Amino acid sequence: MASEKIGIYPGTFDPITNGHADIIGRAARLLDKLVVGVAINPGKGPIFTIDERVELVREEIKYLGNAADDRIEVRPFAGLLIDFARDVDATVIIRGLRAVSDFDYEFQMASMNAKMAEDIETVCLMASDKYHFIASSLVKEIARLDGDITQFVSPRVAERLEERLHG
Ligand code: ADP
């Protein structure tokens, strides 16, 4: 359908947190279809492989428990974000904004992407107050130090992190 509003939500998702899941659920309600793009991103040195990250995101979506599940797709991607957007016919890029510290980077990215593709709009959703402090990098750090991460990620992700770091 040509008038379908398709958006992509790109990220590294290493691993997916409750904050990411919240953005996915909220973004899906704004769009006809949401494609969650898991960036291969070797530069960030992810602890989960691209296949593991994709699988974890897919599992989370199954458990999101909203009616939008069949309108959400998860795909790995490499290369330029705007090329990925074009591949899936998306006209919207969704990002999550946690704090002022996210703003500079997101603003710069959105501006560069807008210069390269002015038909694609970046939409930033404000992090929910329940999740605004959650970052994958800190969750990994806490898990590494044997801290309790159960309020930041799902039980499935917590288990996988435990296996990966201490298994
Ligand atoms: P990236 O490498 O692209 O920053 P991330 O997986 O860290 O990938 O984040 C993907 C997107 O999700 C980013 O827009 C980031 O700001 C957003 N995000 C991360 N954590 C949260 C959170 N707790 N609440 C809302 N948005 C978040």
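In this text the structure is predicted, and so the values were computed from the model without any measurement. Whatever order the structure lists ligands and atoms in, that order sets their numbers, starting from 1.
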For Ile134, the ligand 1 atoms with a heavy-atom partner under 4.0 Å come out as 20 (N), 21 (C), 22 (C), 23 (N)
Practice prompt. Ignoring angles and geometry beyond distance, decide whether Arg95 reaches within less than 3.5 Å of ligand 1 through its nitrogen or oxygen atoms.
Written response: yes
Closest to atom 15 (C) of ligand 1 among protein heavy atoms sits Gly96 O, 3.6 Å
ask   = Would you say ligand 1 has an N or O under 3.5 Å from any N or O of Thr12?
value = yes
Fill in: Polar proximity ligand 1 side, Pro10 side, N/O cut 3.5 Å exclusive
no
Between ligand 1 and Thr17, is the shortest N or O to N or O distance under 3.5 Å? no
Item to check | Sub-3.5 Å N/O-N/O distance, Phe13 and ligand 1 | outcome: yes
Are Arg156 and Glu159 within salt-bridge range, i.e. N to O under 4.0 Å?
no
Nearest non-hydrogen protein atom to atom 9 (O) of ligand 1, with distance, is His20 NE2, 3.5 Å
- Within the structure, does Leu97 bring an N/O atom to less than 3.5 angstrom of an N/O atom in ligand 1? no
(message) Quiz question: by atom type and distance under 3.5 Å, do the side chains of Thr49 and Asp51 form a donor-acceptor pair?
(response) no
Atom 20 (N) of ligand 1: closest protein heavy atom, distance to 0.1 Å, is Arg98 NH1, 3.3 Å
Please report whether ligand 1 has a polar contact with Tyr105, defined as an N or O pair separated by less than 3.5 Å (distance criterion only). no
For Ile47 and Glu52, the nearest pair of non-hydrogen atoms, with its separation, is O-OE1, 4.3 Å
re atom 1 (P) of ligand 1, the protein heavy-atom contact at minimum distance is Lys44 NZ, 3.5 Å
### Short N-O contact, Arg160 and Glu55, less than 4.0 angstrom
yes
**Item:** Contact check, side chains of Pro15 and Leu161, non-hydrogen atoms, under 4.5 Å
**Value:** yes
With a sphere of 6.0 Å drawn around CZ of Phe133, does it hold more than 12 non-hydrogen atoms of other residues, nucleotides or ligands?
yes
When distances are taken from atom 24 (N) of ligand 1, the protein heavy atom at minimum range is Ala127 CB, 3.6 Å
Atom 12 (O) of ligand 1 has as its nearest protein heavy atom Tyr9 OH, 2.7 Å
Quiz item: Should the ring pair Phe84 and Phe77 be called parallel, tilted or perpendicular, given that the plane angle runs from 0 to 90° and is split at 30 and 60?
Solution: parallel
Residue pairs meeting side-chain hydrogen bond (donor to acceptor under 3.5 Å, both in side chains), one or both in residues 103-118, sequence neighbours left out, come to Arg95-Glu106
- [ ] Mind telling me whether Phe13 and Tyr9 have parallel, tilted or perpendicular rings, with 30° and 60° as the class edges?
- [x] perpendicular
One should read off an interatomic distance between Arg71 CZ and Arg29 CZ, to the nearest 0.5 angstrom, of 10.0 Å
Self-check item: Heteroatom proximity flag, Ser136 to ligand 1, N/O under 3.5 Å
Solution: no
